[in-house]
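Encoded as structure tokens, the structure appears first; notes follow it.
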Number of protein chains: 2
Amino acid sequence: MTIEQKKQTKAAKVLDSLRHDIISGHFQPGQKLQMEDLKSQYNVGYSPLREALSRLVSYGLVCMKEQCGFSVAPLSMEELHDLYMVRIHIEIQALELSIQNGDDDWEADVTATWFKYKKCLNQAINNHIDPSSWDKLQKEFRFTLIKACQSPWLLKIRDMLNDQALRYRFICLNSYYRNKKVLNEFIKENENLVSAVLSRNTKTAVKLTQISWESSVKLITDAMQKNVIAK
Amino acid sequence: MTIEQKKQTKAAKVLDSLRHDIISGHFQPGQKLQMEDLKSQYNVGYSPLREALSRLVSYGLVCMKEQCGFSVAPLSMEELHDLYMVRIHIEIQALELSIQNGDDDWEADVTATWFKYKKCLNQAINNHIDPSSWDKLQKEFRFTLIKACQSPWLLKIRDMLNDQALRYRFICLNSYYRNKKVLNEFIKENENLVSAVLSRNTKTAVKLTQISWESSVKLITDAMQKNVIAK
DNA sequence: CTCTCCTATAATTTCGAAAATATTTGTAAT
DNA sequence: ATTACAAATATTTTCGAAATTATAGGAGAG
């Protein structure tokens, strides 16, 4: 329990927990989310639960059918491709704007977060893996790259698509963690991306992002065909 | 009360009503949404209300501050421009894909919905204005244009941005209804758009959409500066 | 044996009172 | 007069029982 969680409402807390538990795969895609179960699992009443679930419906992580309750949004090959297609568009748009609008402070910020993230990645190569700090730093780094875009709507939509995509990425996270070759590739790719961004080379930055994400889709597709998580 | 609203849950009904009442400006931007008031206005208890409001928070039409309740999302010049920037991008992407993927049935659909919509617009010129059918037909027409894009995520995001934008459009709707010159322009623009779409001329269709929307932004900007709805 | 309809059970959804928190009002001290 | 503090009021948030609706199981007719 962190210090800052004092005055949060129960609805907000259970929203965070649910989102995390869905993204991380604690609940299976498509799984029914029964009120009674959730109530005892999260130790809350009906109201905050329904509130959280309702928000996740709009957010796209949860489905609901009237009078038949809630369920975890399913994953599928088709959706994976659709999701990444839109996501690449949004992310690239944000990146372009960010490179265009970012000031000196932003450049410093990019450098700093990449420095931290890189350090974590290098430790991962030597088997010192800390998944939670990996996630945090990756998230921070990727957000810093685009946060100077000055478009609240782009950022909001990106957030949504990002959370969706994280569910798919979880399928093949283990291959990331273990494979040193993949990790080294990954570090190099990001290194190139950062230089392109800092030198305001929009075209290169966009192309690198596109390539990197398309290979992500490939990795996930392979993992999905092996696993039986989604046909 | 329409026929098909029998087995809807109260939360769903109040969600629709709230969305409509916010978009149409029945509630002022930024206005506080008090539970007691809403409860008596919509004749429901706390649970379905909070559920609907929660979904509208994720959707972007409602804001909420913990322990301080809900309020209507505010409008502003900055957001207008941000919104339309993103919206144009998404809509164009969807339009391109739709032109690319649409089959013969889709072409027929486009022709049919435009025929109906045009008829309604022509009646509007002769002062036979029916705002509700105007809205319905406009919505149907614009959706038909892009529905062949085969991307659920694009459609979902478009829906969200569309509803947001409708709030701004409401500010200057009266000038649309009354001004015959604007209406004639409008019909002509759409006529051109439909021909471009049907002849699969993606470039022209995109350009026409862009121009038409940029002039929309201008109209709204002017109206906002006159009205005092948002500074 | 299969299908339909009815009953029993289980789940979702809703209500309104109770708890928790914010806001306002009033009082006293500086 | 102004600030600080405290009581009173108003509002939001939560709980769990009650109402509504779906689902499963079983009896009877064809």
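Per chain, numbering begins at 1; letters A, B, ... match sequence-line order.
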*How about A/D82 and B/S151: does a side-chain donor come under 3.5 Å of a side-chain acceptor?*
yes
*asked:* Heavy atoms from C-beta onward define the side chain here; which of D/dT12, C/dG16, D/dT23 lies closest to that of B/S47?
replied: C/dG16
*Taking for each residue the nucleotide of DNA chain D bearing the nearest heavy atom, is the 5' side occupied by A/V44 or by A/E66?*
A/V44
*To the nearest angstrom, how far is B/L33 atom CG from D/dT11 atom C1'?*
14 Å
_Between B/D159 and B/K156, does any NZ, NE, NH1 or NH2 come within less than 4.0 Å of an OD or OE carboxylate oxygen?_
no
_Within the structure provided, determine whether B/K139 and B/K136 are in side-chain contact (heavy-atom separation under 4.5 Å)._
no
*Is the distance from OP1 or OP2 of D/dT12 to the nearest side-chain N or O of B/Q67 less than 4.0 Å?*
no
*Would you mind telling me which residue lines up with the more 5' stretch of DNA chain D, B/C68 or A/K65, judged by nearest nucleotide?*
B/C68
*Residue A/Y46, side-chain atoms from C-beta onward, closest of D/dT12, C/dT14, D/dT23*: C/dT14
_If you compare every side-chain N and O of A/K32 against the phosphate oxygens of C/dT12 (OP1, OP2), does one of them come in below 4.0 Å?_
yes
*asked:* Ring-plane angle category for A/F186 and A/Y117, please: parallel below 30°, perpendicular beyond 60°, tilted otherwise.
replied: perpendicular
*Of the nucleotides D/dC15, C/dT14, C/dT12, which one has an atom closest to the side chain of A/K10?*
D/dC15
*With respect to the side chain of B/M35, which nucleotide from D/dT13, D/dC15, C/dC15 is positioned closest?*
D/dT13
*Atom pair distance, as rounded to whole Å: CG in A/L15 and C1' in D/dT13*: 15 Å
*Between A/W213 and A/Y84, what is the ring plane arrangement, given parallel below 30°, perpendicular above 60°, and tilted in between?*
perpendicular
*Between D/dT23 (C1') and A/Q34 (CD): distance, integer Å*: 12 Å
*Send over the distance from B/K39 NZ to D/dT13 P, rounded to a whole Å.*
15 Å
*asked:* Expressed as a whole number of angstroms, how long is the span from A/K13:NZ to D/dT14:P?
replied: 9 Å
*Using atom CG of B/L53 as one end and atom P of D/dT11 as the other, report the distance to the nearest whole Å.*
16 Å
*Once you round it to whole Å, what is the distance between P of C/dC15 and CD of A/E51?*
16 Å
*Rounded to whole angstrom units, what separation is found between the OH atom of A/Y42 and the P atom of D/dC15?*
15 Å
*For C/dT12, does OP1 or OP2 lie under 4.0 Å from any side-chain N or O of B/T9?*
no
